[in-house]
Amino acid sequence: MPLGTTTTTTTITTSQSCVPSLREGMSSGEALVSEADGNGGIMAQQKNLEGYVGFANLPNQVYRKSVKRGFEFTLMVVGESGLGKSTLINSLFLTDLYSPEYPGPSHRIKKTVQVEQSKVLIKEGGVQLLLTIVDTPGFGDAVDNSNCWQPVIDHIDSKFEDYLNAESRVNRRQMPDSRVHCCLYFIAPSGHGLKPLDIEFMKRLHEKVNIIPLIAKADTMTPEECQQFKKQIMKEIQEHKIKIYEFPETDDEEEMKLVRKIKDRLPLAVVGSNTIIEVNGKRVRGRQYPWGVAEVENGEHCDFTILRNMLIRTHMQDLKDVTNNVHYENYRSRKLAAVTYNGVDNHKNKGQLTKSPLAQMEEERRDHVAKMKKMEQEMEQVFEMKVKEKLQKLRDSEAELQRRHEQMKKNLEAQHKELEDKRRQHEDEKSSWEAQQRILEQQKLDVSRTLEKNKKKKIF
Amino acid sequence: MASTEIARQAGEGARAVPLSGHVGFDSMPDQLVNKSVNHGFCFNILCVGETGLGKSTLMDTLFNTKFEGEPTQHNQPGVTLKSNTYELQESNVRLKLTVVNTVGFGDQINKEDSYKSIVEFIDAQFEAYLQEELKIKRTLHSYHDTRIHACLYFIAPTGHSLKSLDLVTMKKLDSKVNIIPIIAKSDAISKSELAKFKIKITSELVSNGVQIYQFPTDDESVAEINSTMNSHLPFAVVGSTEEVKIGNKMVKARQYPWGTVQVENENHCDFVKLREMLIRVNMEDLREQTHTRHYELYRRCKLEEMGFKDTDPDSKPFSLQETYEAKRNEFMGELQKKEEEMRQMFVQRVKEKEAELKEAEKELHEKFDRLKKLHQDEKKKLEEKKKTLDDELNTFKQKKTAAELLQNQAQQAGGSTTLKRDKERKNNPWLCTE
């Protein structure tokens, strides 16, 4: 549970009318997949208690702590000047939030639309509430009102941004929640329908803040006119698919009846007053006319009581929760998605948005490691192959050279042998010739000797 | 009325205005409570202690129900954590209770690493929450919080002092979880021994700097009871799921020959105090402390580890986007660098190997050049020999031719003599000239 806020029910409801549901938390532009159950995969067993344990006291503990901490609420009022916004706020909170020292927005005529805050601390029954009222003096008052909603949007976004930054710090402290929890939009009681400005404004802001449209100065219309007007407005709201604040469904039948009653009277037509008038012995807030008194808190005169009860007494916490769980989360996811995918291929599957950017980086890191490993392996393979090739070539050429060498050797040997043979032959020849010569010589010698002998013989 | 936290935070920016009637926002706490009750509560307890100290029994006694589990043996090779989740309901309050037991704690011969699996488990729960919190699309409000809110540390009833395993473990856990030390099976200790034991334990914890959970005393409504209880720490408890008849009531007790120890009798043990403090008074505070102190510490450390800072060197605050972008760029740069390095390394290796192979090739060629040269020499020698032989042959031939010539001449000259002789011989075959 984020600091400063509390857990809440997530009832994803489809409303009974055709007004698109605010609570579903999806901004229409993005088909973000919702994991409604987070980590709901944990199995739990039902166990029966055989005696009093005491954790039924938990709600009291929560109560105690919340009172100690105090509460805060930021309410934004938007509408043209003169629609009775300040009066209504004073009536709602039964105080002079706007007084001569702190004039309301209509008294502060501005040239351009400003956004101003007033903070007041109010106490009641031991409970302290820090109430911030955000005004938009100048809204809709110019001749050309194009973009007069922009300062409002900027303000809301800047509050979201502050909260996001505070939430994202490394050193976090208790964060004050200055986000806008509710926007009361005042519709002028023309009796015909919504003005283009009304439609434009609501269309641009319904996904940023809880919009509660109000018909201002309801005492200028008869009940029938009011009825007509309301029907017309609701029709137009549906037509333009504007998501106004929706009341949560409950299991309690009684409560559901009340909720349905309220839904039938939307948008609430209100009357505000700073003056107290005596009517039938009672002191009531009202507006004195020659023809009677329009009582602020009379349910038959206007819907003020319903508004007050709904806004303050029963649904204040829900408004805060919807702001936190739906509007803020939308803002946050859009903001962070833009950051993380800056420059990255944006048609990666949207499922990646369910990871935190850090987890995203972790995954990318892992992917990269895997990729590198693969690359390394491939390079290794290529390397090995090349080396093998080279070695093979080397071996081949070695074999070749070896072969040639062998051949040459053989050649030489053959030649050697040939030579040897020749030599031998020659030797043989020589020796035989020499032998022959010797024989011849001997013969010659013998012959000459014989001749000599014969000569000698003959002589004798 | 004392000022609230929010009022203090607003400070000068807000002015207090009086109300002239009942507005109705005093129902805010109720609205909040209703929401919480609808959503259900969740609480996670971790029981750390040696096997056989009665952890499971105590849980059963505390929550008046029989949780799962067989008693474990002493032969576990390491410390494992077993967690079970239960849905309990009391009046309209639903509680999702998770009980985590350390199985095998203290059974090993070497217990140095016993605390590790416990710390890892606690960190893993923090991590899971942190990951959820950091997701782009998150569902925090429906997240089932598994972080440990309270750690009951079971101390063996030796009566002397804490074991060193206890001190080591508690020291490792005190910054991660709310530790509530309890003396288990305290029916084995007499009252006087108990008082001394408690003092010893407390002083040992203090002297070792172990931060145990203190019941909060800042809220007036519970300050008094909490501070009294703080002085009774550690609680000496006895657990039992068996019932014994005392008087005319059935009470949870342990029956001995010498008497019956009643679990819910405050004279016998501190069980009631533990239940009061843990469940009835401070459960919410335990959860809050876990979230705002222990979890934040974990988160801070983790983010700092990853290099996140709140301010840059000029102490201008970083916006989240800048940080993420910076991180991402750094990260991409790192990856690219790694790739480059690996490529470089390969290029290097290839070069080296090529050089090697070239060397080998050169050697081979040299070898063969040498051989070739040898061949050449051989050949030359052979040629020379051949030449010599040829010369000899020629000389011989010449000699032969010369001799023959001579012979022919001689023959021709003495050819006649020879012829004559031959004739004579023919005629006179008895001439012995041979």
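Order of the sequence lines sets the chain letters (A, B, ...), proteins ahead of strands, with each chain counted from 1. Computed over heavy atoms, backbone and side chain alike; hydrogens, waters and symmetry mates excluded.
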Quick one: does A:Gln45's side chain have a donor or acceptor within less than 3.5 Å of a partner on B:Thr85's backbone?
no
Mind ranking B:Leu357, B:Leu95, B:Val37 by heavy-atom pairs under 4.5 Å with chain A and telling me who comes out on top?
B:Leu95
Tell me whether A:Glu167 is salt-bridged to B:Arg138, with the criterion being a basic N under 4.0 Å from an acidic carboxylate O.
yes
Walk me through it: do A:Glu380 and B:Arg349 pass the test salt bridge (Lys or Arg N to Asp or Glu O under 4.0 Å)?
CA-CA 10 Å; A:Glu380 269 297 331; B:Arg349 269 178 76 185; 2.5 Å; yes
Using 30° and 60° as the class boundaries, would you call the ring planes of B:His375 and A:His405 parallel, tilted or perpendicular?
tilted
Calculate, to the nearest 0.5 Å, the distance between atoms CE and CG belonging to B:Met283 and A:Asn60 respectively.
13.5 Å
Would you mind telling me which of B:Lys381, B:Arg94, B:Lys353 has the largest number of heavy-atom pairs within less than 4.5 Å of chain A?
B:Lys353
Could you go through A:Arg172 and B:Glu133, starting from their C-alpha distance and side-chain angles, then the distance that decides it, and tell me whether this counts as salt bridge (Lys or Arg N to Asp or Glu O under 4.0 Å)?
CA-CA 14 Å; A:Arg172 302 198 291 198; B:Glu133 204 185 25; 3.1 Å; yes
Under 3.5 Å, is there a donor-acceptor pair between the side chain of B:Glu304 and the main chain of A:Val170?
no
Region of A:Phe55 in contact with chain B, defined by heavy-atom distances below 4.5 Å
both
Report the option among A:Gln402, A:Lys386, A:Glu418, A:Arg308 that has the most heavy-atom pairs separated by less than 4.5 Å from atoms of chain B.
A:Gln402
Under a 4.5 Å heavy-atom cut-off, does chain B meet the side chain of A:Lys409, its backbone, both or neither?
both
For chain B, the option from A:Asn411, A:Leu121, A:Leu92, A:Leu131 that forms the most heavy-atom pairs under 4.5 Å
A:Leu121
Identify which part of A:Arg395 has an atom lying under 4.5 Å from any heavy atom of chain B, answering side chain, backbone, both or neither.
neither
Heavy atoms only, distances under 4.5 angstrom: which of B:Leu364, B:Leu374, B:Val350 has the most pairs with chain A? Name it, please.
B:Leu364
Contact part of A:Phe73 toward chain B, heavy-atom cut-off under 4.5 Å: side chain, backbone, both or neither?
neither
Whatever's closer than 4.5 Å to a heavy atom in chain B on A:His368 counts as side chain
Looking at B:Glu361 and A:Lys390, does any basic side-chain N land under 4.0 Å from a carboxylate oxygen?
no
To the nearest 0.5 Å, atom CE of A:Met408 lies from atom CD of B:Glu378 at 11.5 Å
Given a strict heavy-atom distance threshold of 4.5 Å, which part of A:Thr314 is in contact with chain B: side chain, backbone, both, or neither?
backbone
Ring of B:Phe25, cation from A:Arg313 - is the NZ or CZ under 6.0 Å from the centre and inside 45° of the axis?
no
Using only atom types and a distance under 3.5 Å, with no angle test, would you say the side chain of B:Thr65 pairs donor to acceptor with the backbone of A:Lys47?
no
Could B:Asp218 and A:Lys68 be called an ion pair, given the rule that one side-chain N must be under 4.0 Å from one carboxylate O?
yes
Rounding to 0.5 Å, atoms CG (B:Asp219) and CZ (A:Arg64) come to a distance of 5.0 Å
